[in-house]
Structures are given as C-alpha cells and as structure tokens.
2 protein chains.
Amino acid sequence: MPNATPFQTGLRQHRRKLTRGRQVILDIITQATRHLTPAEIYRQARDKYPQLGLTTVYRTLDLLVELGYAQRVHLEESCHSYLIATRAHGHHLVCSTCGRAEEFAECDVNALVRLLESRTGYAIDAHMIELMGKCPNCQTKLRAHNARKK
Amino acid sequence: MPNATPFQTGLRQHRRKLTRGRQVILDIITQATRHLTPAEIYRQARDKYPQLGLTTVYRTLDLLVELGYAQRVHLEESCHSYLIATRAHGHHLVCSTCGRAEEFAECDVNALVRLLESRTGYAIDAHMIELMGKCPNCQTKLRAHNARKK
DNA sequence: TTTGTAATTGAAAACGATTTTCATTTAGAA
DNA sequence: TTCTAAATGAAAATCGTTTTCAATTACAAA
C-alpha cells in the first residue's frame with residue numbers, strides 16, 4: 001500500500017481501523033488554527049458526514065490523543081479544585097498520586113513572555129504554570145510497595 | 001467589634017454576610033494540605049453542618065475566590081479543547097477573546113524544577129505552561145470598537 | 001432590643017458535557 | 001469472499017454545575 005498517511009500507518013501499528021469519521025475529525029483539527037471543543041468538532045464534522053455521532057467524536061479524540069495526533073488544551077473554565085490562597089500570585093506543584101499540593105511564587109516567565117509577544121503579536125496578560133510529580137510520602141509508599149512485590 | 005478575623009472584615013467590606021456555612025467551608029480549605037473538589041468539600045462540611053447544601057458550597061467557593069481567600073487549581077481532568085499535535089512537547093498561548101491558539105516549544109523550567117524538588121522533596125515529572133492574552137486580530141477589533149465609542 | 005431589608009439559603013429542577021450500554025455495522029487481515 | 005475484532009450510532013445513564021424560587025437569616029439602622 002503506497003502513499004499511506006502517517007495516520008493510516010499509526011492506526012495499523014496499533015491494530016486500529018481507519019474509518020470515515022476518524023478521518024473527518026482529524027482533518028478538522030488539522031485545518032483549525034483554533035482549539036476546538038468536542039461539540040464544535042461535532043458540528044463541523046456533521047457537515048461532511050451527517051450520520052456521525054457525538055459519542056464517536058469523544059472516542060476519536062481520546063484515540064487521537066493516545067496516539068499523539070492531537071493534544072488537549074487546558075482552559076480556565078470548569079474542572080476546578082480549590083486551595084486556600086496564601087500568596088497573591090501562586091502556581092502549583094501537585095502530587096499526581098494523592099493530590100497534595102504545594103504553592104510556589106517563583107516564576108520567571110518574563111523573558112518567555114517578551115519573546116512570544118514579539119514573535120506572535122499577542123498581548124499576553126496572564127499565565128499559568130502547573131507542575132506535577134510525586135510527593136515525598138507517595139514516593140516512600142511506592143518504594144515500599146515495589147519492594148514487597150519482589 | 002474586637003478581634004474580627006480577616007474573613008469577617010473582608011466580608012463586611014463587600015457587604016456580604018458571615019454565615020455558618022461559609023465559615024465551615026473556609027475552615028476546611030484552610031486546614032487542608034490538599035486541593036479539594038467542591039464535592040469533597042461538601043462531604044467534609046456536612047459532618048460539621050449537616051443541613052448545608054451543595055449549591056451553597058459552589059456559591060461560597062466562587063465568593064472565596066472573588067474575595068481572594070481561595071484559589072483554583074487546574075487539573076488534567078475534563079474541560080478540554082483539542083488541537084492538532086505538531087510538536088512532542090507543546091505549550092500554548094491562547095487568545096482569551098477568540099480562542100485562537102499558538103503553540104510554542106520554549107520552556108526553560110529546569111532551574112525552577114530543580115529548585116522546587118530540593119525544597120519540597122517532590123519528584124517532578126511533568127509541567128504545563130499556559131499563557132493567555134489577546135491575539136493581534138482581537139487587539140485590532142478591540143481598538144476599532146473603542147474608537148467608535150468615543 | 002426590635003425592625004426592615006437585602007443577602008443568603010436549601011431543595012428541586014434544569015442543564016450541559018461526558019460516559020456507558022448494547023445491538024448493529026464495518027474495516028481489513030486471512 | 002469470509003470472518004472477527006474493532007468501531008459505530010442511538011438512547012439512557014451519569015456527573016458536575018447552575019438556575020429558580022420561596023423561605024430564612026444576618027446585620028445595619030432605628
């Protein structure tokens with residue numbers, strides 16, 4: 001099979017199938033200059049492929065992220081947890097295992113901000129830095145757990 | 001009224017009232033070392049104050065953020081938009097007006113990561129940098145709109 | 001202390017996004 | 001062409017959040 005697209009190849013490697021819906025969804029996010037929500041993608045996709053279901057859009061997006069063809073953008077809306085405010089400008093270091101969080105104030109993004117403003121023309125007015133890792137407690141537990149396994 | 005807490009003072013300044021529910025919720029997030037979802041806060045709060053409603057938890061959290069007593073943490077789960085993957089390690093600059101997004105690869109967080117690892121003992125394995133601002137298009141539109149107003 | 005009023009509340013319903021279920025269809029290897 | 005695991009769409013279920021509304025409450029002013 002000559003001229004297979006990277007997407008076709010990637011799917012075959014994972015024993016997944018290329019379907020019309022998947023192709024349409026990939027085309028849409030490939031051509032977009034904007035991040036799109038599942039609902040927006042669904043609306044656009046139906047113009048090209050009316051019987052497509054919203055369920056399939058969700059499933060396809062998960063697949064595209066899993067295979068590395070799409071990425072998620074995190075926005076300010078919804079999906080929050082809350083933490084007491086201790087500093088005016090806090091970023092977070094969150095434990096991916098237990099959810100414990102440390103706040104930190106250091107963030108030297110000024111150089112980055114200036115670079116990107118001149119490259120893109122954006123007027124940048126806010127930033128968010130979130131670090132993820134394992135807290136000391138969870139590291140200890142994990143080590144103990146692994147030792148027990150042997 | 002002597003010995004007013006900062007919370008009491010802050011509420012009075014905004015003509016808001018101090019209620020049992022609000023105090024209980026603030027106490028919970030003050031004592032937590034972990035970020036908590038509204039549902040988690042609700043569960044804990046009901047132990048101390050059984051008739052509290054979940055609605056009030058949501059409203060109180062909004063209030064606490066508005067007055068600066070709490071802050072939101074952004075997590076990996078839910079609330080996503082999607083973008084085509086063009087680089088292995090992409091961060092985003094998102095226009096807060098139209099949603100257009102630029103991807104960038106520069107992120108010199110190594111120094112920050114090392115500093116925080118030694119300070120907190122965390123093993124940091126991932127990070128997310130999201131910048132927000134206005135794209136050139138939206139800046140132009142906004143300027144035209146403001147000029148028309150005068 | 002009492003009163004008046006705007007702020008706050010809880011319960012229920014509405015809502016929007018996402019996931020699950022399940023019977024049917026389909027891509028693609030054999 | 002056949003066969004089977006993968007994928008699908010429709011409907012229902014689920015989850016988190018917001019809205020509505022009538023009843024209650026905090027607290028400033030009398």
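Here is how names work: the chains are called A, B, and so on, in the same order as the sequence lines, proteins then strands, and each is numbered from 1. The analysis underlying the following values was restricted to heavy atoms, covering all of them including side chains, and did not include hydrogens, waters or symmetry mates.
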*asked:* Measure CD1/B:Ile25 against P/C:dT9 and give the value in whole Å, please.
replied: 8 Å
_Length of the line joining B:Leu61:CG and C:dT9:C1', which is rounded to integer Å_ = 15 Å
_Testing the basics here: between B:Tyr122 and A:Pro136, what is the closest heavy-atom pair and its distance to 0.1 Å?_
CD1-CD, 3.8 Å
*Could you check how far OH of A:Tyr42 sits from P of C:dA17, rounded to whole Å?*
13 Å
*Locate the shortest heavy-atom distance separating B:Pro38 from B:Val57; write the atom from each residue and the value.*
O-CG1, 3.7 Å
_Nearest 0.5 angstrom please: A:Leu112 CG to A:Glu117 CD, how far?_
10.0 Å
*Identify, between A:Arg16 and B:Thr55, the residue whose nearest nucleotide on DNA chain D lies closer to the 5' end.*
A:Arg16
*Across the strands shown, which category fits B:Leu52 at heavy-atom distances under 4.0 angstrom: base, sugar-phosphate, nothing?*
sugar-phosphate
*Quick one: does A:Arg59 reach the base of D:dG9 with a side-chain donor-acceptor pair under 3.5 Å?*
yes
*When you get a sec, tell me which of D:dC27, D:dG9, C:dT9 is the closest nucleotide to the side chain of B:Leu18?*
D:dC27
*Return the value, rounded to whole Å, for the distance between atom CG of B:Leu63 and atom P of C:dT9.*
9 Å
*Answer yes or no: does a side-chain N or O of A:Thr19 lie under 4.0 Å from OP1 or OP2 of D:dT8?*
yes
*Could you check how far CD of A:Gln23 sits from C1' of C:dA27, rounded to whole Å?*
14 Å
*Select from B:Lys17 and A:Val57 the residue whose nearest nucleotide in DNA chain D is closer to the 5' end of that strand.*
A:Val57
*Can you measure from CG (B:Leu115) to CZ (B:Arg119) and round to the nearest 0.5 angstrom?*
5.0 Å
*Looking only at side chains, do A:Asp27 and A:Gln31 share a donor and an acceptor under 3.5 Å apart?*
no
*Once you round it to whole Å, what is the distance between C1' of C:dA7 and CG of B:Leu67?*
14 Å
_Phosphate OP1/OP2 of D:dC27: any B:Arg15 side-chain N/O under 4.0 Å_ = no
*Quick one: B:Gln8 CD to D:dA26 C1', roughly how many Å, whole number?*
12 Å
_Using whole Å, what does the distance between atom P of nucleotide C:dT9 and atom CG of B:Leu54 come to?_
13 Å
